[in-house]
**Student:** 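Once you've had a glance at the structure underneath, I'll fire off some questions.
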Amino acid sequence: MEEVKCSLCEDTGWVMGKDGVKKCLCRYSEITEDIFSRMRIPRRYRDKELENFIPEKKYGHNFILTRIEDYINSEDFLEGKGLFLVGPPGVGKTHLAVGILKEFFKRKGVVGLFYDTRSLLFNLKASFDGSASSREILEEVIETPILVLDDLGSERLSDWARDILHYIIINRYNDLKPIIITSNIELKSKKKVEEDILENTLEERMGQAIASRLSEMCEILPVKGKDRRGTALKERTGDKK
């Protein structure tokens with residue numbers, strides 16, 4: 001007789017819960033091509049896991065991974081709580097964000113959504129004429145259980161782009177739907193200045209009202225480290241300097 005692998009469902013794939021029959025968690029252990037497509041995780045990042053993020057103690061990565069584990073294992077996301085991963089390019093913020101999405105699916109069966117912010121804005125602008133496609137994109141972004149906005153604030157925003165991002169963030173804030181954000185710039189300035197024409201924070205680029213909402217929604221996790229992309233490139237080209 002073949003050994004039963006899952007003691008919860010006895011390999012049937014279904015378990016009885018208080019709300020009726022539901023799919024067993026063992027069926028979420030593997031992510032299919034269909035799930036990858038639904039989550040819109042780019043092919044470059046499909047192999048990224050929290051398990052294969054190599055932490056460096058001197059940069060505090062173990063603390064970050066612990067906080068991420070605490071977040072995934074809690075029910076905070078049901079209250080609209082998210083994470084704000086901030087740090088310079090190449091330190092692994094997107095790797096971590098994708099890992100979080102994948103773990104939510106594997107552990108809880110939650111299918112989230114990944115969007116590079118610039119790609120999202122480009123797709124919306126290309127179809128923003130009242131067409132069904134633009135409405136469908138916005139509805140998907142607003143309604144998904146967990147949204148990753150990758151590389152938010154990497155460039156200065158037009159009024160149109162700022163309004164769209166305001167619309168998305170405000171709707172998710174009001175509906176208690178979490179956002180996982182990665183960004184190269186701080187949410188708010190650590191120094192009080194009257195005016196900063198360089199717009200070096202998200203607050204300066206998107207406005208105080210949105211920054212305030214994001215501060216309430218997200219735990220800020222500074223991600224430090226060396227540029228992993230640059231290191232990988234040097235290794236491939238044989239440049240060890």
Side-chain angles (χ1 to χ4, degrees), residues 6-9 12-32 34-36 38-41 45 48-53 55 60-87 92-115 138-150 152 165 167-183 187 202 210-223:
C6 180
S7 60
L8 292 176
C9 69
T12 64
W14 301 94
V15 294
M16 178 64 73
K18 62 180 181 179
D19 298 321
V21 177
K22 62 180 181 179
K23 188 177 289 188
C24 182
L25 289 176
C26 72
R27 289 298 186 259
Y28 297 122
S29 60
E30 297 297 330
I31 300 180
T32 64
D34 176 63
I35 296 298
F36 272 127
R38 286 171 60 188
M39 291 197 288
R40 295 185 180 272
I41 295 177
Y45 295 104
K48 305 305 181 187
E49 310 269 356
L50 294 182
E51 291 181 354
N52 61 26
F53 180 89
H61 291 162
N62 288 326
F63 171 78
I64 292 170
L65 289 172
T66 297
R67 293 302 303 135
I68 287 173
E69 281 291 327
D70 290 344
Y71 173 70
I72 296 171
N73 291 328
S74 73
E75 299 298 316
D76 288 351
F77 78 102
L78 296 175
E79 300 298 323
K81 301 297 184 181
L83 299 173
F84 187 96
L85 306 172
V86 58
K93 301 185 301 297
T94 304
H95 183 148
L96 292 170
V98 168
I100 293 168
L101 269 191
K102 292 170 75 172
E103 289 303 311
F104 264 100
F105 176 76
K106 291 179 181 179
R107 302 184 199 182
K108 299 175 183 287
V110 174
V111 180
L113 184 65
F114 177 98
Y115 253 116
L138 269 178
E139 182 176 334
E140 181 184 39
V141 170
I142 290 170
E143 294 299 327
T144 187
I146 298 179
L147 173 66
V148 168
L149 280 182
D150 191 43
L152 180 65
L165 290 173
Y167 180 78
I168 292 169
I169 292 168
I170 288 172
N171 273 276
R172 292 191 66 83
Y173 173 85
N174 289 338
D175 291 340
L176 297 178
K177 293 184 180 294
I179 307 178
I180 309 295
I181 292 173
T182 76
S183 182
L187 180 56
L202 278 177
I210 291 301
S212 177
R213 285 180 172 85
L214 289 178
S215 294
E216 183 179 345
M217 295 173 74
C218 298
E219 177 183 354
I220 299 175
L221 293 178
V223 185

**Student:** Distance from Lys177 atom NZ to Ile169 atom CD1, nearest 0.5 Å?
**Tutor:** 15.5 Å

**Student:** Please identify which of these residues, Ile210, Leu152, Val86, meets the side-chain contact (heavy atoms from CB on, under 4.5 Å) condition with Leu202.
**Tutor:** Leu152

**Student:** Locate the shortest heavy-atom distance separating Pro145 from Val110; write the atom from each residue and the value.
**Tutor:** CB-CG1, 3.6 Å

**Student:** For Leu83, which of Ile64, Ile72, Leu221 qualifies under side-chain contact (heavy atoms from CB on, under 4.5 Å)?
**Tutor:** Leu221

**Student:** Look at atom CD of Glu139 and say whether more than 12 heavy atoms of other residues, nucleotides or ligands are closer to it than 6.0 Å.
**Tutor:** no

**Student:** How long is the gap from CG on Asn171 to CD on Glu143, to the nearest 0.5 Å?
**Tutor:** 8.0 Å

**Student:** Show your working on side chain to side chain contact (heavy atoms under 4.5 Å, CB included) between Lys108 and Glu75 and close with a plain yes or no.
**Tutor:** CA-CA 10 Å; Lys108 299 175 183 287; Glu75 299 298 316; 3.4 Å; yes

**Student:** Please identify which of these residues, Ile180, Ile146, Leu176, meets the side-chain contact (heavy atoms from CB on, under 4.5 Å) condition with Phe77.
**Tutor:** Ile146

**Student:** Working to the nearest 0.5 Å, report the span between CZ of Arg172 and CE of Met217.
**Tutor:** 7.0 Å

**Student:** Can you tell me how far the CD1 atom of Ile68 sits from the CD1 atom of Ile100, to the nearest 0.5 Å?
**Tutor:** 4.0 Å

**Student:** For residues Ala97 and Thr182, report the shortest heavy-atom separation together with the two atoms involved.
**Tutor:** CB-CG2, 3.8 Å

**Student:** Determine whether Leu65 and Leu96 make a side-chain contact, defined as any pair of heavy atoms from C-beta on separated by less than 4.5 Å.
**Tutor:** yes

**Student:** If you round to the nearest 0.5 Å, how far is CZ of Arg38 from CD1 of Ile35?
**Tutor:** 4.5 Å

**Student:** His95 versus Asn52: any side-chain heavy-atom pair under 4.5 Å?
**Tutor:** yes

**Student:** Below 30° counts as parallel, above 60° as perpendicular, anything between as tilted: where do the rings of Phe114 and Tyr45 land?
**Tutor:** tilted

**Student:** Knowing that exactly one of Ile142, Ile181, Leu113, Leu101 qualifies, which makes a side-chain contact (heavy atoms from CB on, under 4.5 Å) with Leu147?
**Tutor:** Leu113

**Student:** Once rounded to the nearest 0.5 Å, what's the spacing between atom CG of Leu165 and atom CD1 of Ile170?
**Tutor:** 10.5 Å

**Student:** Check whether Ser74 reaches the backbone of Tyr71 with its side chain - one donor and one acceptor, N or O, closer than 3.5 Å.
**Tutor:** yes

**Student:** Mark yes or no for whether Thr66, through its side chain, and Asn62, through its backbone, hold a donor-acceptor pair below 3.5 Å.
**Tutor:** yes

**Student:** Could you tell me if the ring centre of Phe105 sits under 6.0 Å from that of Phe36?
**Tutor:** no

**Student:** With distance as the sole test, does Lys102 use its side chain to make a donor-acceptor pair with the main-chain N or O of Lys48 at under 3.5 Å?
**Tutor:** yes

**Student:** Heavy-atom distance under 4.5 Å between the side chains of Met39 and Ile31, does that happen here?
**Tutor:** yes

